[in-house]
Structures are given as C-alpha cells and as structure tokens.
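Shown next, in structure tokens, is the structure this report addresses.
Below, each value reflects all heavy atoms present in this structure, side chains not excepted, and no hydrogens, waters or symmetry copies.
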Amino acid sequence: PRPDRAPRSSPAPARMFFDDKPKVNLRGKSSSSDRQLLLARAQRERDERQRQRALLRAALLLQSAARAHMALARAREAIRSEFDAAVDASLAQRVEPGVGGSLAA
C-alpha cells in the first residue's frame with residue numbers, strides 16, 4: 001500500500017446483497033399503470049368480440065326471417081294457383097252446354 005492513498009474501506013457484506021436500488025423486472029410490464037392499460041385493452045377487445053357476436057346473431061336472425069317470409073309467400077302462391085286451376089276446371093265442366101248434359105231437348 002502506498003502511503004499517499006487512504007486505505008479503501010470494503011462495503012459491509014449485508015449491504016452488498018441488500019441494497020435499496022430499484023428492482024428491474026425483466027418480464028416486460030413493470031409498472032401497475034402498464035398493467036392497468038393492458039387489462040383495459042383486453043376488456044375493450046373482449047367487449048368488441050362480444051359486440052361482433054351479437055351483430056352476427058342479429059344478422060342471422062334477420063336472414064332467417066326473410067327466407068321464411070319468402071318461402072311462405074311462394075308456397076301461398078303455389079297453393080293459390082292450384083286452387084284457382086281446380087275451381088276453373090270445376091266451373092268449366094258445369095257450364096259447358098251440350099256436353100253430356102241431361103238438359104238437352
């Protein structure tokens with residue numbers, strides 16, 4: 001040791017391992033505000049997915065109702081056409097003069 005230098009004092013062993021420096025979190029999100037932002041974003045994304053599912057269900061319900069209405073209208077028209085044809089045929093048989101009728105003189 002040189003006389004012009006003061007001897008170094010070594011740090012206390014307990015202080016060497018337990019210093020009061022801030023801890024570094026190496027996992028990424030280190031502060032509670034970051035955690036709150038992450039949770040808020042996740043909640044918004046869940047809400048958006050739920051809204052999209054509700055819109056999809058509503059669209060499917062509307063499409064189903066429209067298809068049912070159109071199918072019923074087509075069926076109603078077909079049944080009405082068959083009925084009208086049957087009535088016309090029945091009336092045509094009754095009204096034809098001189099065809100196998102017993103009213104001929």
Side-chain angles (χ1 to χ4, degrees):
R2 292 176 43 179
D4 58 336
R5 291 191 180 184
R8 290 187 198 176
S9 63
S10 63
R15 185 80 178 140
M16 183 172 31
F17 295 109
F18 301 106
D19 57 351
D20 292 330
K21 289 183 181 178
K23 305 293 182 214
V24 176
N25 186 349
L26 299 176
R27 294 188 325 168
K29 303 297 180 196
S30 61
S31 69
S32 64
S33 65
D34 288 344
R35 177 171 159 67
Q36 292 300 323
L37 290 174
L38 177 69
L39 292 174
R41 189 181 80 212
Q43 182 64 43
R44 281 193 308 273
E45 289 172 357
R46 280 192 298 273
D47 292 343
E48 179 62 23
R49 287 191 301 270
Q50 183 177 2
R51 190 179 71 81
Q52 289 294 330
R53 283 190 298 270
L55 286 175
L56 180 61
R57 282 192 303 270
L60 289 175
L61 181 65
L62 285 173
Q63 290 171 1
S64 175
R67 283 192 305 268
H69 176 74
M70 292 170 64
L72 285 172
R74 282 191 300 268
R76 188 179 309 116
E77 181 62 31
I79 292 170
R80 181 61 189 232
S81 295
E82 289 175 23
F83 176 78
D84 288 344
V87 168
D88 289 344
S90 175
L91 290 175
Q93 287 178 353
R94 292 183 187 179
V95 177
E96 290 183 20
V99 177
S102 60
L103 298 176

If you measure only the distance, is there a donor-acceptor pair under 3.5 Å linking the side chains of R49 and Q52?
no
Going hydrophobic residue to hydrophobic residue with side-chain gaps under 4.5 angstrom, can you get from F83 over to L91?
yes
Within a strict 4.5 Å, meaning less than it, do heavy atoms of the L60 and Q63 side chains meet?
yes
Whether R44 and E48 form a salt bridge (side-chain N of Lys/Arg under 4.0 Å from carboxylate O of Asp/Glu) is what I want to check.
no
Roughly how far, to the nearest 0.5 Å, is CG of L62 from CZ of R67?
10.5 Å
When rounded to the nearest 0.5 angstrom, what distance separates CG in D34 from CG in L39?
11.0 Å
Between S90 (side chain only) and A86 (backbone N and O only), is there a donor and an acceptor less than 3.5 Å apart?
no
Should L38 and R41 count as side-chain neighbours, where that means a heavy-atom distance under 4.5 Å?
yes
Would you call R51 and D47 a salt bridge, taking side-chain N to carboxylate O under 4.0 Å as the test?
no
Look up atom CG in L61 and atom CG in L56, then write down how far apart they are to the nearest 0.5 Å.
11.5 Å
Worked verdict on Q50 versus R53 for side chain to side chain donor-acceptor pair (under 3.5 Å)
CA-CA 5 Å; Q50 183 177 2; R53 283 190 298 270; 5.3 Å; no
